Amino acid sequence: MSRRLLLMFTLTGSFLLATGIAQADHDTAIYLAAGPALDNTETNARDKSGTTLTPEEQKETKTDIRITAHIRKAVVKNKWLSLDAKNAKIITRNGVVTLRGPVANAAESAKLQKIATQTRGVMQVDNQLDNKAP
């Protein structure tokens, strides 16, 4: 009888502990999602409009893939660029590179554009980067 009671108590305690952890994670997620700094509604609406390129529209030609990979490698290697700049979207279609996403400032935007422009095979760069600071 006492073994059964101990087992029941242990299982109940484990369940309550797991439920408490899950609730804490849920509450944290709600708190984080509610912050105004995470609001990217305008960007999402722009992307849904169909007028801007998204990474899914990357061409699958060997040349376009090589161009995108070369630019990404150069951007990631650059120790002066912010994490936002290193995560910018790079989309190549028929030699035309589109850069999208947030960067810290205009200097970073110019640096990404320069890296893309200097990449062999790039015919044009469409810089749609968003500067966080003027």
Side-chain angles (χ1 to χ4, degrees):
M1 178 73 164
S2 67
R3 259 189 156 165
R4 235 188 264 171
L5 188 59
L6 179 61
L7 179 63
M8 205 164 103
F9 179 74
T10 303
L11 291 175
T12 304
S14 297
F15 176 73
L16 291 174
L17 179 63
T19 305
I21 291 169
Q23 183 63 41
D25 287 343
H26 180 264
D27 292 345
T28 302
I30 290 172
Y31 173 76
L32 289 173
L38 300 177
D39 184 16
N40 59 356
T41 305
E42 288 180 32
T43 303
N44 291 339
R46 178 187 66 198
D47 290 348
K48 284 183 181 179
S49 71
T51 60
T52 56
L53 291 177
T54 61
E56 290 82 25
E57 296 170 292
Q58 165 77 40
K59 283 289 192 179
E60 296 298 323
T61 66
K62 286 183 181 182
T63 303
D64 286 339
I65 291 169
R66 183 193 55 75
I67 289 170
T68 300
H70 181 81
I71 295 168
R72 173 69 60 206
K73 188 183 285 186
V75 167
V76 170
K77 263 176 58 175
N78 189 309
K79 64 182 179 181
W80 302 110
L81 293 174
S82 69
L83 189 57
D84 281 336
K86 291 180 181 189
N87 286 317
K89 294 173 185 77
I90 302 167
I91 306 153
T92 307
R93 293 177 53 111
N94 302 318
V96 177
V97 176
T98 301
L99 303 172
R100 298 195 50 231
V103 292
N105 51 45
E108 279 194 338
S109 177
K111 182 64 176 172
L112 264 67
Q113 182 165 347
K114 183 177 180 183
I115 290 170
T117 302
Q118 292 177 341
T119 301
R120 193 179 81 195
V122 173
M123 300 167 75
Q124 179 182 341
V125 177
D126 181 11
N127 187 340
Q128 297 179 15
L129 295 167
D130 299 319
N131 300 328
K132 287 184 172 181

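Worth saying up front: this structure is predicted, and the values here are computed from it rather than measured.
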(request) Indicate yes or no: at least one non-hydrogen side-chain atom of V97 is less than 4.5 angstrom from one of I67. (result) yes
(message) With heavy-atom distances below 4.5 Å as the criterion, would you say the side chains of R66 and R120 are in contact?
(response) yes
(request) Show the numbers, then the answer: is there a salt bridge (charged side-chain N to carboxylate O under 4.0 Å, His left out) between K132 and D84? (result) CA-CA 10 Å; K132 287 184 172 181; D84 281 336; 2.4 Å; yes
(request) Can you measure from NZ (K86) to CD (E108) and round to the nearest 0.5 angstrom? (result) 9.5 Å
(request) State, yes or no, whether a side-chain contact exists between N131 and N105 at a heavy-atom distance under 4.5 Å. (result) no
(message) Just so I know, are the side chains of V122 and T117 near enough to count as touching, which here means a heavy-atom distance under 4.5 Å?
(response) no
(request) To the nearest 0.5 angstrom, please state how far the NE2 atom of H70 sits from the NZ atom of K73. (result) 8.5 Å
(request) Assess whether side-chain contact (heavy atoms from CB on, under 4.5 Å) is satisfied between D126 and L99, documenting all intermediate values. (result) CA-CA 6 Å; D126 181 11; L99 303 172; over 6 Å; no
(request) Kindly compute the distance separating CD1 (I91) from CD (Q128), expressed to the nearest 0.5 Å. (result) 7.5 Å
(request) Can you measure from CD1 (I115) to CD1 (I90) and round to the nearest 0.5 angstrom? (result) 8.5 Å
(message) A side-chain contact here means heavy atoms from C-beta on lying under 4.5 Å apart; do D64 and N94 qualify?
(response) yes
(message) Does any part of the side chain of L112, heavy atoms only, come nearer than 4.5 Å to the side chain of L129, both counted from C-beta?
(response) yes
(request) Find the distance between CG (N127) and CZ (R100) and round it off to the nearest 0.5 Å. (result) 11.5 Å
(request) Hey, could you give me the CZ/OG1 distance between R72 and T119, rounded to the nearest 0.5 Å? (result) 12.0 Å
(message) Please give me the minimum heavy-atom distance between A116 and V125, naming the atom from each residue.
(response) CB-CG2, 3.8 Å
